[in-house]
Amino acid sequence: MKQRVSTLLREKLGCEVVLEKPKDRSFGHFATPIAFSLAKELRKSPMIIAEELASSFDDHDIFTSVESVKGYLNFRLSEDFLSEYAAWALDNPTEFAKQEQNEKILLEFVSANPTGPLHIGHARGAVYGDTLYRLAKHLGYDITAEYYVNDAGNQIDLLGLSIALYARENILNETVEYPESYYRGEYLDGLANGAIEKFGKEIFSDESRYKELALWAKDGVMDIVVDSLANLNIHFDTFVKESSLYSDWDRVMQKMGDGIYKKDDKVWIASELKGDDNDRVVVREDGRPTYLAGDIVYHNQKFERGYDHYINIWGADHHGYIPRVNAAVEYLGYDSSKLETLLSQMVSLLKDGEPYKMSKRAGNVILMSDIVDEIGSDALRFIFASKKSDTALEFDLAEFKKQDSSNPIFYIQYAHARIQTLLSKAEVSKEEINSATLKNLGDNADSLLFDALLLPEIVEDAFSSRQVQKLPDYLKALAASLHKFYYDCRIIGTDNEAKLLKLLLVVALSLKVGLSLMGIEAKDRMSREED
RNA sequence: GCGCUCGUAGCUCAGCUGGAUAGAGCACUGGUUUGCGGUACCAGCGGUCACAUGUUCGAAUCAUGUCGGGCGCACCA
């Protein structure tokens, strides 16, 4: 819709035109301050320019009026245009808000270490990534969702040790001394018991076998992780294991050429020359590669697989890591501007105004699965998608358990359910609804129709700006328009019933598609839940 | 100390490629159709857009600085 208008204006005026949302719907559907920027060039007052431009639009089928107000140009779309577009959308619901793209994108997200269940911070990155993924898919991108499994390095050794310690203390009833760092949490119980079946209890007392224990256990942890993501409606296309990459290390190192050098018996990457604060060690004196080495091989592999664009979603605490990976990508001979790293910030939780207590059972973290159990996947996804991912977020669980308009997910679902209820009470036939024309509906209905038809540009904008919160914001506003309309306007039993129900079908379509892009299924009925 | 980031209504946050009177939700207060789910709607209250200077016809938005919060600054992942 917006595209159509801006294309038209570009042709007509011969330059790019910035289209905005007018301050107030009474001004029209779209507005542009173009007269202000032309004022200098033309040496005329913006008001006069706007007047002249407005009058040059005498008649055009997509606009019903073009007005100049205080230097702004305000456009109002015609009923013909809106009704035809709406009719098309209803006839082609699976095409609505879609586009054709030919870009191939690799999106890597979550990538939590397989050493324990996901916590609430991971959940945010997961929701952000999956929402982007859904948006991109809908927009026609060829996008792959990938999980990088850090199944090598110290943390895996630590996993083996942690299981053994847990088992010795809780199953073998031994007194154990805990080292400075180790993993804790209920999940170790399942792993320890699984290990007994697989290896027998002896393995816990034989330190030389901890590695073996760990290599077995990491798959079990990944199963836990994958299951918990599935509960959030999140699925990955590909998993890449860090352990599978190191065989390629020598070749990749050579590929980096001058970017790599030896000093003090270690191998370094000259990342400082590429904008990093310092050069970084990639291979230690004892020959063990650092974490960065793994990531270098991994990114090389990504680029060799050949995508047009690469997106990483990392926890914000890793932001200092971006320059060194970009440096490596450059040394590998690739364009680091194709690699985009997005950040997801910390989350702090409240419950009824008090800080949410981390449970000892969980290992002093807030488990993602606990929150899903508490408020459900839909609410969790909605909250996380609602806030800009790179700013810290604090929210109160209680707000999302309420069954009224203070709970945005409830409010939106209710709007959708309300429409379904009306349809079920319709006194006109489906055929009458389908063949109705969305004209002469009155201002309120026109306005609602326009709101519902905005979904495509919201989807486009949310993805291209990577600001997924624009989608839930829009859905909230659309739900509000619907509720208001419902209140203001009687539908069933009126002369306009078929038209109005058709209008509501368009609203329901946008709500449903919008929710599905957030991984949430629209409800047809609200059930009253008893506390 | 250095880097990144944030600072907008009592609370949680939009708005930020500069543009029409600064927005929404929550909370609080008051109200609502002799109608389709009042699980809704409307209104009121509430802001020197952290502070200062600058650029501009115009700044919450850009620049510089100050103050305050968060996060980084590993041969750990």
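A quick note: this is a predicted structure, and the numbers were derived from the prediction, not measured. We name chains A, B, ... by the order of the sequence lines, and we start the count at 1 in each one.
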Quick one: which of A:K211, A:K218, A:R288 gives a salt bridge (charged side-chain N to carboxylate O under 4.0 Å, His left out) with A:D157? A:K211

Looking only at the side chain of A:T391 (C-beta and beyond, no hydrogens), which of the listed nucleotides B:C71, B:C6, B:C42 gets closest? B:C6

Looking at B:C36, B:G15, B:C41, which one has an atom nearest to any side-chain atom of A:K388? B:G15

For [N], which nucleotide is its Watson-Crick or G-U wobble mate, given both distances must be under 3.5 Å?
N	value
B:G44	B:C28
B:C4	B:G70
B:U64	B:A52

Using 4.0 Å as the upper bound for N to carboxylate O, is an ion pair formed by A:E108 and A:K302? yes

Does a salt bridge link A:K512 with A:E521, judged by any charged N lying under 4.0 Å from a carboxylate O? no

is_close_aromatic(A:F75, A:F57), centroid dist under 6.0 Å: yes

Distance between P atoms of B:G18 and B:A59 (Å, rounded): 13 Å

Remember a base hit wins even if backbone is also touched, and classify [X] as base, sugar-phosphate or nothing at under 4.0 Å, heavy atoms.
X	value
A:Y411	sugar-phosphate
A:H319	base
A:L393	sugar-phosphate
A:T421	base

Check if the side chain of A:N74 and the base of B:A20 share a donor-acceptor pair of N or O atoms closer than 3.5 Å. yes

Under 5.5 Å between ring centres and under 30° between planes: does that hold for A:F27 against the base of B:A20? yes

Stacked pair A:F395-B:U12, distance under 5.5 Å, angle under 30°: no

What's the CD1-P distance between A:I383 and B:G25, to the nearest Å? 18 Å

